[in-house]
Amino acid sequence: DKQIVQGLVVNMAAVDICNRALIKIGHAKLLSALTDDVETATILNLLYSNLRDNLLQSFTWNFAMKRAILSATTAPTFGFGNAFLLPEDCLRAVIDDEANAVYRVENNILLTDASTINLIYISQITDTAKFSPLFTETLVTYIASEICEVLTANSNQATQLRNAYL
């Protein structure tokens with residue numbers, strides 16, 4: 001079911017989000033699924049997950065924030081005393097100013113001298129029902145900015161959409 005919150009449609013499926021992006025660039029043919037056998041669906045199916053994750057990583061979206069207590073796995077070769085494997089769904093570790101821990105993330109491993117880590121992180125959210133209305137609208141504009149020039153050959157509109165997204 002779709003719901004309207006402050007003028008924004010929420011609880012949209014991925015194909016609905018992509019269709020909103022198509023509408024934003026003036027594309028008349030909408031999709032019934034991202035697996036439709038048309039070039040537009042192929043392009044959107046290829047881009048959707050990466051663009052969603054890029055946008056999730058770009059900001060500290062409240063709906064995507066999670067917490068985890070990590071235990072050290074091994075000691076790194078040099079530079080830090082402990083290494084912690086980040087959760088599988090971690091797109092970006094968020095610095096907790098109160099912890100004052102110096103750390104570095106390399107290859108999905110958090111390196112630090114601390115013995116345990118209370119991690120706050122941005123998680124990969126694939127369930128569109130969990131997206132906030134603002135995230136959904138921003139994702140629609142981001143997708144539109146990425147597909148606009150390919151589907152319409154209109155570089156001016158693509159630039160306008162990129163500016164609106166940023």
Side-chain angles (χ1 to χ4, degrees), residues 1-22 24-25 34 43-148 158-166:
D1 289 338
K2 296 177 187 174
Q3 214 174 3
I4 298 183
V5 177
Q6 295 180 349
L8 300 174
V9 179
V10 294
N11 295 336
M12 301 168 72
V15 70
D16 297 323
I17 291 169
C18 290
N19 279 332
R20 292 268 317 278
L22 290 170
K24 204 173 264 276
I25 65 170
L34 291 180
I43 291 167
L44 286 164
N45 196 28
L46 180 68
L47 295 175
Y48 176 79
S49 295
N50 287 333
L51 295 177
R52 178 202 62 222
D53 289 353
N54 289 346
L55 183 58
L56 281 166
Q57 289 181 100
S58 298
F59 303 96
T60 51
W61 301 99
N62 288 339
F63 74 90
M65 299 204 47
K66 285 188 176 178
R67 294 173 182 255
I69 299 172
L70 305 180
S71 299
T73 56
T74 59
T77 308
F78 63 90
F80 292 96
N82 292 306
F84 301 84
L85 186 61
L86 292 172
E88 276 189 36
D89 65 341
C90 179
L91 293 176
R92 180 170 59 95
V94 178
I95 298 171
D96 181 2
D97 291 334
E98 293 178 21
N100 293 325
V102 175
Y103 69 91
R104 182 179 186 153
V105 175
E106 297 175 358
N107 196 24
N108 208 37
I109 295 174
L110 188 141
L111 306 171
T112 185
D113 288 325
S115 57
T116 60
I117 292 291
N118 294 330
L119 179 69
I120 300 171
Y121 67 99
I122 302 298
S123 63
Q124 182 184 52
I125 303 292
T126 58
D127 181 356
T128 58
K130 294 180 180 178
F131 294 171
S132 71
L134 179 59
F135 178 84
T136 301
E137 193 60 32
T138 305
L139 182 57
V140 165
T141 303
Y142 183 29
I143 293 169
S145 75
E146 292 293 316
I147 64 172
C148 183
T159 299
Q160 289 174 343
L161 287 164
R162 274 188 207 96
N163 292 337
Y165 153 70
L166 299 174

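We count residues from 1, following the sequence as given. Since this is a predicted model, take the numbers as computed values, not measurements.
Counting heavy atoms from C-beta on, the side chains of F131 and E137 never come closer than 4.5 Å. Counting only heavy atoms from C-beta outward, the side chains of M12 and T128 never approach each other to under 4.5 Å. Proximity of F84 to L111: side-chain heavy atoms (C-beta onward) are nowhere separated by under 4.5 Å. Taking the side chain as every heavy atom from C-beta outward, N108 and E88 never approach each other to under 4.5 Å. Considering only heavy atoms from C-beta on, L110 stays 4.5 Å or farther from C90 through its side chain. A 4.5 Å side-chain heavy-atom check between I143 and L47 finds every atom pair outside the cut-off. Residues T60 and M65 have side chains in contact (heavy-atom distance under 4.5 Å, counting atoms from C-beta outward). Side-chain contact between Y121 and L86 is absent, with no heavy-atom pair separated by less than 4.5 Å.
When atom types are taken as modelled, the side chain of D127 and the backbone of A129 share a donor-acceptor pair closer than 3.5 angstrom. Remark: side-chain polar atoms of D53 are not paired, donor with acceptor, to backbone N or O of N50 under 3.5 angstrom. Between the side chain of T112 and the backbone N or O of V102, at least one donor-acceptor pair lies under 3.5 Å.
To the nearest 0.5 Å, atom OG1 of residue T116 and atom CG of residue N118 are 5.5 Å apart. L44 contributes atom CG, which lies 11.0 Å from atom OG of S49 (distance to the nearest 0.5 angstrom). Here R20 contributes atom CZ and I17 contributes atom CD1; the two are 8.5 Å apart, rounded to the nearest 0.5 Å. Separation of atoms CG (N107) and CG (L85) is listed at 9.5 Å; rounding is to 0.5 Å. Separating the CD1 atom in I43 from the SG atom in C18 is a distance of 11.5 Å, to the nearest 0.5 Å. A distance of 8.5 Å separates CG of N62 from CD1 of I122, quoted to the nearest 0.5 Å.
Residue L134 comes nearest to T138 through the heavy atom pair O-OG1, 2.8 Å, listed as atom of the first residue, atom of the second, then distance. A144 and I25 get closest at one heavy-atom pair: O-CG2, 3.7 Å. Contact detail for N82 and A114: the closest heavy-atom pair is ND2-O, 2.8 Å. Contact between L56 and S123 at its shortest, heavy atoms only, is CD1-O, 4.0 Å. A83 approaches P76 most closely through the heavy-atom pair N-CD, 3.8 Å. The two residues G81 and A75 come nearest to each other via the heavy atoms O-CB, 3.7 Å.
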Item to complete: Let me see the working for T126 and Q124 under side chain to side chain contact (heavy atoms under 4.5 Å, CB included), right down to the final yes or no.
Response: CA-CA 6 Å; T126 58; Q124 182 184 52; 4.2 Å; yes
Practice prompt. Decide yes or no on side chain to side chain contact (heavy atoms under 4.5 Å, CB included) for F135 and I125, but give the supporting numbers first.
Written response: CA-CA 11 Å; F135 178 84; I125 303 292; over 6 Å; no
Item to complete: Apply side chain to side chain donor-acceptor pair (under 3.5 Å) to Y103 and D113, showing your working.
Response: CA-CA 8 Å; Y103 69 91; D113 288 325; over 6 Å; no
Practice prompt. Check the pair I109, E106 against side chain to side chain contact (heavy atoms under 4.5 Å, CB included), reporting the backbone distance first and the verdict last.
Written response: CA-CA 5 Å; I109 295 174; E106 297 175 358; 5.6 Å; no
Fill in: side chain to side chain contact (heavy atoms under 4.5 Å, CB included) assessment of D89 paired with K66
CA-CA 10 Å; D89 65 341; K66 285 188 176 178; 2.7 Å; yes
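Ring orientation note: the planes of W61 and F63 are tilted relative to one another, at an angle of 30° to 60°.
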